[in-house]
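Here's the structure, in structure tokens; my notes come after.
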There are 2 protein chains.
Amino acid sequence: MTRRSSSVTIRDVARQAGVSVATVSRYINRNAPVSAEVADRLHQVMSDLRYVPHAAARHLASRKTRVVGILLRNLHNDFFVPLLNGVEAVVRTKEYNLIVATYHANSRNGLPPPIGPHNTDGLLIFSDGLTDEDLANLSASGFPMVLLYRTCPPSLNIPSITVENVEITRKLVEHLIQVHGKRRILYMRGPIGQEDSDRREAGYRAALEANGIPFDEELILNGEFERDTAYQVLNDFLSNGKQVAFDAIFTGDDDAAVGVLKALHKHGYRIPEDVAVVGFDDLAVAPFLNPALTTVRAPTESVGRIAAERLFALLENQALSEAVVLPTEIVFRRSCGCHT
Amino acid sequence: MTRRSSSVTIRDVARQAGVSVATVSRYINRNAPVSAEVADRLHQVMSDLRYVPHAAARHLASRKTRVVGILLRNLHNDFFVPLLNGVEAVVRTKEYNLIVATYHANSRNGLPPPIGPHNTDGLLIFSDGLTDEDLANLSASGFPMVLLYRTCPPSLNIPSITVENVEITRKLVEHLIQVHGKRRILYMRGPIGQEDSDRREAGYRAALEANGIPFDEELILNGEFERDTAYQVLNDFLSNGKQVAFDAIFTGDDDAAVGVLKALHKHGYRIPEDVAVVGFDDLAVAPFLNPALTTVRAPTESVGRIAAERLFALLENQALSEAVVLPTEIVFRRSCGCHT
DNA sequence: ACGGTTACTGTAACCGTTTACATTAAAACC
DNA sequence: GGTTTTAATGTAAACGGTTACAGTAACCGT
């Protein structure tokens, strides 16, 4: 075979420094003592030769990739910026790399997820692309994972990071009812089966029930937690002949709320006079929307950071069992009718 | 050595199917004919055994990682969502993986970039962390790269994707001057040396000059193209005793414009009556800011998509020389004083 | 002075693939 | 029918590191 590598290998370094490859490797990984003299020489030779260890070779030999992955539904939302930022900050300090991949239930036509044990040391999962069964299989093989915005199926033992949804949503919707006198509150939900979406619906229903308002299926719209989808869906709803009366919208996340505002503006609704709008997440732009958006502050960057930290704890073989639920709080602004 | 691998290897598949590993490899890579009968058997065995090829081993043997990287200054801005989305979409269709890494001039304390030839097949570069010299070295070794928002140094030959900055900025600033009668226009610039920031400043200066307005150093603020930094900087500027008069702000990007709006609101300025504000990028939320932001529509997702496509063209050994400059256009909204 | 650590280094097997080269049998050509 | 292609497969050498094992020399405690 005539393979010719243009790149300088550990053997070149070893030869040039007059030591064995093992010593070079030990120097690189600092996992065994190397004499000061040899260390200096290696340092010099490595920089002279511009030697960079070949990642795949290290991976193959050491059985670790030094890569973690994050599996997302998609990359359509501003929501992902603080999340990725939190994750990336931790990954960087650990001198790991981060693979970002999208994969969702509808995208798997029998395709396996693009990231997993074959190319990462662990996974942050914020995607419905992996079923409970997939998780069970991975978990059984001891593959490190942390679930984001999704609690672990009871039989498994995978750490998860979520935010408090039900109570805060109940409070938020009760605020619409009790303070602003709303009775016909539309819920712009997220993807079917997505836990945040379901829990927020539970809080929404609880609020209705506690206040003697009947639940109306017609007031549930599926905006997929996406700006553009939410716009489309609400636009269709408003364009539809049979007008369903409503006086407020609880949008399950702020990105979708942007789409909701767009559709309402387009159809001439005044916010909050005609329709109150509230969201969830408190994106950075929420205070600057028109009108400023009343929403729930969810610590998205912290979710990313803590999830990554826990993943690394797992990689270091620390056992973690408890699920983390981060607290949330309502931020009252103009769009619900407050701060006139 | 007692290495014990829990995972199933190509040898297991070969043994189980009664063929050699070479045949299995050929079947996997479909780069040489395999009899239909053997193919069926392999298909069956591989799924029975849940065989997944070990990425690092493939990389090592084939000298390709099937990974591309994108090097970013940071992950602080909503701007990165459409960019990453464009890139990721292409990467996914190519069945590659995407490593997202941050690295900027100030973060390199002698550290090499986290991604490069040792762990990727090519790089999208949107970062000042790599100097022209770094680029020259990489380029000399034939490493595929595409520059984002940065034109290639003259001596090199690296494809780049940028957007048209100078002319559109001149038009935008002239709009402020000629239509809205502004004379004291502040420029909230981006990172020093960042090309977009410099070019937009050039357009800004051209507009002033063409309209007989003297350039005033005091009206240049460095917001780093970041929401929070821009807020801080403008807030300090406004809190400062010696009040510098100004009647408009050209913010070099929309993320920073959000920070600018925040600072202006805080100090009681009315927009656009007291101060006109314009931005650049046309982020998804720009129409929903308060007031709706007049800005320049820059096709960020297309930049990501085209950059990725060109990177893959490079990987397939197509030579690309020309720099791509995508057109931009002004979107007039309320914040400049239009659409009263 | 001597057994036991400890610091440092080298040799070579191994990680799980790809692929150059060799081989055989069947198909195609004249 | 003999020669040349072509299809299908196998053998084994890389790819560039890590690390178990072995060994040597200096150091330590008694």
Side-chain angles (χ1 to χ4, degrees), chain A residues 1-43 45-46 49-67 116-121, chain B residues 1-43 45-46 49-67 116-121:
Chain A
M1 197 163 23
T2 15
R3 299 266 188 82
R4 207 187 45 77
S5 166
S6 65
S7 61
V8 10
T9 76
I10 197 173
R11 272 169 247 270
D12 299 321
V13 174
R15 189 178 329 113
Q16 185 95 6
V19 297
S20 73
V21 293
T23 300
V24 181
S25 175
R26 287 191 273 253
Y27 170 71
I28 293 169
N29 296 295
R30 281 143 170 65
N31 54 7
V34 168
S35 74
E37 180 203 5
V38 168
D40 285 351
R41 210 160 62 225
L42 283 174
H43 180 75
V45 169
M46 282 173 54
L49 263 44
R50 294 183 196 285
Y51 169 69
V52 181
H54 191 283
R58 305 183 79 172
H59 302 169
L60 182 57
S62 67
R63 327 278 291 128
K64 2 187 68 223
T65 64
R66 300 190 74 79
V67 170
H118 59 294
N119 58 359
T120 59
D121 289 346
Chain B
M1 196 162 23
T2 17
R3 300 268 187 81
R4 207 186 47 74
S5 166
S6 64
S7 60
V8 10
T9 77
I10 198 174
R11 267 172 253 273
D12 299 323
V13 175
R15 189 176 329 115
Q16 186 94 9
V19 297
S20 73
V21 293
T23 299
V24 182
S25 174
R26 288 190 271 253
Y27 171 70
I28 293 169
N29 296 295
R30 282 149 171 60
N31 53 6
V34 167
S35 74
E37 180 204 4
V38 169
D40 285 351
R41 211 158 62 223
L42 283 174
H43 179 77
V45 169
M46 283 174 53
L49 263 42
R50 293 182 196 289
Y51 168 71
V52 181
H54 191 283
R58 303 184 81 172
H59 301 170
L60 183 57
S62 67
R63 329 276 293 128
K64 358 188 72 226
T65 65
R66 301 190 74 79
V67 171
H118 59 293
N119 59 357
T120 59
D121 289 347

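A, B, ... follow the sequence lines: proteins, then strands. Residue 1 opens every chain.
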Map Ser25(B) and Arg11(A) onto DNA chain C by nearest heavy atom, then report which one ends up closer to the 5' terminus.
Arg11(A)
Rounded distance [0.5 Å steps], CZ in Arg11(B) versus OG in Ser20(B)
10.5 Å
Contacts satisfying salt bridge (charged side-chain N to carboxylate O under 4.0 Å, His left out) that involve residues 24-37 of chain A (not counting sequence neighbours) are Glu37(A)-Arg41(A)
Is it the case that the side chain of Ser62(A) and the backbone of Arg58(A) share a donor-acceptor pair, with hydrogens and angles ignored and the cut-off at 3.5 Å?
yes
So, is Arg63(A) close to the dG16(C) phosphate, meaning a side-chain N or O under 4.0 Å from OP1 or OP2?
yes
Under 4.0 Å between any heavy atoms, over every strand shown, what does Tyr51(B) touch: base, sugar-phosphate, or nothing? Just pick one.
sugar-phosphate
Taking the side chain as C-beta and beyond, is there a heavy-atom pair between His59(B) and Leu60(A) under 4.5 Å?
no
Arg30(B) has an atom CZ; how far is it from atom P of dA7(D), in whole Å?
17 Å
Looking only at heavy atoms, which two atoms of Leu42(B) and Val24(B) are closest? And how far apart?
CD2-CG2, 3.8 Å
Rounded distance in Å - CG (Asn119(B)) to P (dG16(D)):
15 Å
Which whole-number value in Å describes the distance from His54(B) NE2 to dC15(C) P?
11 Å
For dT11(D) and Ser20(B) - does any side-chain N or O of the residue sit under 4.0 Å from the phosphate oxygens OP1/OP2?
no
His54(B) side chain near Arg63(A) side chain, heavy-atom distance below 4.5 Å:
yes
Classify Val24(A) by what it touches in the nucleic acid, base, sugar-phosphate, or nothing, heavy-atom distance under 4.0 Å.
nothing
Between Ala57(B) and Val21(B), which residue's closest nucleotide on DNA chain D lies nearer the 5′ terminus?
Val21(B)
Roughly how many Å is it from NE2 in His118(A) to P in dT17(C), rounded to a whole number?
11 Å
Could you tell me the separation between the CG atom of Asn29(B) and the P atom of dA20(C), rounded to a whole number of Å?
12 Å
Kindly express the pairing pattern of DNA chain D in dot-bracket notation, using | wherever a base pairs with another strand and counting only Watson-Crick or G-U pairs under 3.5 Å.
||||||||||||||||||||||||||||||
Is any side-chain N or O of Ser62(A) closer than 4.0 Å to OP1 or OP2 of dT18(D)?
no
It should be established whether Asn31(B) places a side-chain nitrogen or oxygen under 4.0 Å from OP1 or OP2 of nucleotide dT18(C).
no
Indicate whether OP1 or OP2 belonging to dT9(C) is found under 4.0 Å from a side-chain N or O atom of Ser35(A).
yes
Do you know the tightest heavy-atom contact between Thr9(B) and Tyr51(B)?
C-CE1, 3.6 Å
Would you indicate which nucleotide in dG17(D), dC8(C), dG10(D) comes nearest to any side-chain atom of Thr23(B)?
dG10(D)
Measuring to OP1 and OP2 of dG10(D), would you say a side-chain N or O of Arg26(B) lies under 4.0 angstrom away?
no
Taking the side chain of Ala61(A) as heavy atoms from C-beta outward, which of dC15(C), dT9(C), dT17(C) is closest to it?
dC15(C)
If I take atom CZ in residue Arg58(B) and atom P in nucleotide dT19(C), what distance separates them, rounded to the nearest angstrom?
10 Å
Whole angstroms only, please: what is the NZ-C1' distance between Lys64(A) and dT19(D)?
14 Å
List every contact pair, protein side and nucleotides 24-29 of chain C side both N or O, where the distance is under 3.5 Å.
none

Without decimals, in angstroms, what is the distance between Tyr27(A) OH and dT19(D) P?
18 Å
Under 4.5 Å between any side-chain heavy atoms of Val67(A) and Asn119(A), yes or no?
no
Look at the side chain of Thr65(A) and the backbone N and O of Asp121(A), then say whether any donor-acceptor pair between them is shorter than 3.5 Å.
yes
For the residue pair Pro117(A) and Val52(B), establish whether any side-chain heavy-atom pair is separated by less than 4.5 Å.
no
